[in-house]
Amino acid sequence: MKDNIITIDGPSASGKGSLARNIAAHLNFDILDSGLLYRVYAYLFDSGLEHTKIVAHIKKNILFKTDNEGLTIQEGSEDITGKLRSEKTAKAASKISSLKETRNNLLELQRGFYISKGLVADGRDMGTVVFPNAKLKIFLIASPEVRAKRRYLELQNRGQEVNMLALIEDIKQRDLKDQTRVLSPLIPAEDSIVIDSSEMSLDEVLSFTKKLTKRKLNK
Ligand code: DC
């Protein structure tokens with residue numbers, strides 16, 4: 001029996017987050033943004049916490065809230081969403097996520113997001129390592145240029161200064177790092193369905209995915 005889980009893996013800014021949020025709302029499933037967990041981990045490590053203390057700190061002090069604005073993260077009473085979404089934290093997360101210790105520490109925490117109602121989990125290794133028994137596995141890709149443009153608009157909306165060429169270069173380098181690392185490299189699971197969203201709107205990707213959920217989850 002497969003688990004009531006949809007995994008959406010792929011490189012950064014391929015549209016995984018928007019697809020995951022929309023599909024989760026459509027099916028009334030819970031949601032796991034695993035990239036954000038890696039960002040929280042990197043942020044806490046950079047603020048001086050040791051590897052062995054981070055998961056306990058996340059369980060005790062980090063609050064994940066989903067509302068109409070999307071996902072926000074609070075540490076105690078402080079909203080740290082902006083800090084987590086910065087390119088600085090993205091780089092730190094990319095670096096720390098290649099360590100065995102980090103991946104082991106976060107494994108059970110990620111699996112704990114699945115309770116019977118169903119889960120949409122997005123990241124890099126959701127279908128290959130964390131939820132190999134998922135009913136539907138999607139691998140979402142888009143060209144580096146398209147992804148850089150999306151990230152540019154996203155960062156600009158948040159009032160952050162960005163340089164388009166530097167962004168394309170950053171994305172290519174992070175892809176290479178994520179794809180070639182030894183542990184949990186960014187590769188499609190054998191039983192995943194690859195969607196290239198370079199020339200597709202979110203609505204098109206969404207309606208295609210809804211057809212897949214009907215077929216694979218009967219929903
Ligand atoms: O999706 P994102 O950009 O928020 O992810 C931040 C970093 O975390 C990314 O460089 C790779 C890492 N990551 C990972 O190694 N495994 C995951 N399942 C999710 C993210």
Side-chain angles (χ1 to χ4, degrees), residues 5-21 24 31-46 51 54-55 58 62 64 66 70-73 80-114 119-132 134 137-142 144 146-155 158 160 162 167-189 192 197:
I5 298 176
I6 298 170
T7 60
I8 305 174
D9 288 306
S12 63
S14 59
K16 301 184 302 280
S18 307
L19 179 60
R21 272 193 304 280
I31 191 159
L32 164 63
D33 177 346
S34 63
L36 202 53
L37 271 190
Y38 279 93
R39 286 170 186 254
V40 171
Y41 196 104
Y43 170 77
L44 293 174
F45 185 81
D46 280 355
H51 277 285
I54 293 178
V55 170
I58 292 177
I62 301 288
F64 296 84
T66 316
L71 199 58
T72 54
I73 298 92
I80 56 167
T81 319
K83 287 179 186 164
L84 296 176
R85 295 285 186 204
S86 69
E87 283 303 290
K88 180 172 171 251
T89 308
K91 274 186 200 153
S94 178
K95 195 167 158 212
I96 207 161
S97 65
S98 64
L99 302 180
K100 191 171 180 195
E101 196 168 8
T102 307
R103 306 208 76 85
N104 283 347
N105 287 343
L106 284 178
L107 190 59
E108 286 314 312
L109 187 66
Q110 293 174 92
R111 289 187 175 151
F113 275 71
Y114 176 49
L119 180 73
V120 181
D122 83 76
R124 306 295 192 286
D125 60 344
M126 297 297 99
T128 48
V129 175
V130 183
F131 301 111
K137 298 179 183 180
I138 291 172
F139 197 78
L140 189 62
I141 57 172
V146 167
R147 288 187 284 133
K149 201 165 159 201
R150 290 178 189 160
R151 185 48 55 87
Y152 180 87
L153 295 173
E154 192 187 317
L155 292 171
R158 262 189 252 126
Q160 294 181 23
V162 268
L167 214 50
I168 295 178
E169 207 36 53
D170 266 9
I171 279 185
K172 285 184 177 167
Q173 277 188 15
R174 210 176 315 147
D175 282 357
L176 189 69
K177 231 197 254 167
D178 290 345
Q179 286 159 347
T180 56
R181 70 181 176 211
V182 179
L183 298 168
S184 293
L186 174 64
I187 43 163
S192 66
S197 73

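Whatever order the structure lists ligands and atoms in, that order sets their numbers, starting from 1. Numbering of residues begins at 1 and proceeds along the displayed sequence.
Nearest protein neighbour of atom 7 (C) of ligand 1, counting heavy atoms only, is A93 CB, 3.7 Å. Among all non-hydrogen protein atoms, the one lying nearest atom 3 (O) of ligand 1 is R39 NH2, 3.0 Å. The single protein non-hydrogen atom nearest to atom 19 (C) of ligand 1 is S34 OG, 3.5 Å, given as residue, atom name and distance. For atom 8 (O) of ligand 1, the closest non-hydrogen atom of the protein is Y38 CB, 3.5 Å. Scanning the protein for heavy atoms near atom 20 (C) of ligand 1, the closest one is G35 CA, 3.5 Å.
For residues 90-102, every residue pair satisfying the salt bridge (charged side-chain N to carboxylate O under 4.0 Å, His left out) rule, not counting sequence neighbours, is listed here: K91-D170.
At least one N or O atom of R103 sits closer than 3.5 Å to an N or O atom of ligand 1. For R124, a nitrogen or oxygen atom sits less than 3.5 Å from a nitrogen or oxygen atom of ligand 1, counting backbone and side chain alike. For ligand 1, none of its N or O atoms has an N or O atom of Q110 under 3.5 Å away. For a threshold of 3.5 Å applied to N or O pairs, the pair formed by R181 and ligand 1 contains at least one separation below that value.
Screening I141, I8, D33 for a side-chain contact (heavy atoms from CB on, under 4.5 Å) with K16, the sole residue that qualifies is I8.
Atom CZ in R85 sits 7.0 Å away from atom CD in E154 (nearest 0.5 Å).
Those atoms of ligand 1 that come under 4.0 Å of a heavy atom in M126, given as number and element, are 18 (N). Atom numbering of ligand 1 starts at 1 in the shown order; those under 4.0 Å from a heavy atom of G123 are 18 (N), 19 (C). Less than 4.0 angstrom separates some heavy atom of S94 from each of these atoms of ligand 1: 10 (O).
Considering only residues two or more places apart in sequence or on other chains, Y114 meets the ring pair (Phe, Tyr, Trp, His ring centres under 6.0 Å) condition with none of them.
Panel note: side chain D178, backbone L186; no donor-acceptor pair is recorded below 3.5 Å.
Ring-plane geometry between F64 and F113 is classed as perpendicular, the angle between the planes exceeding 60 degrees on a 0 to 90 degree scale with a lower cut at 30.
The pair K88-D46 fails the salt-bridge criterion, with no side-chain N (NZ, NE, NH1 or NH2) lying under 4.0 Å from an Asp/Glu carboxylate O. The pair E108-R111 counts as a salt bridge, with a side-chain nitrogen and a carboxylate oxygen less than 4.0 angstrom apart.
Only the side chain of D178 comes within 4.0 Å of ligand 1, judged by heavy-atom distances.
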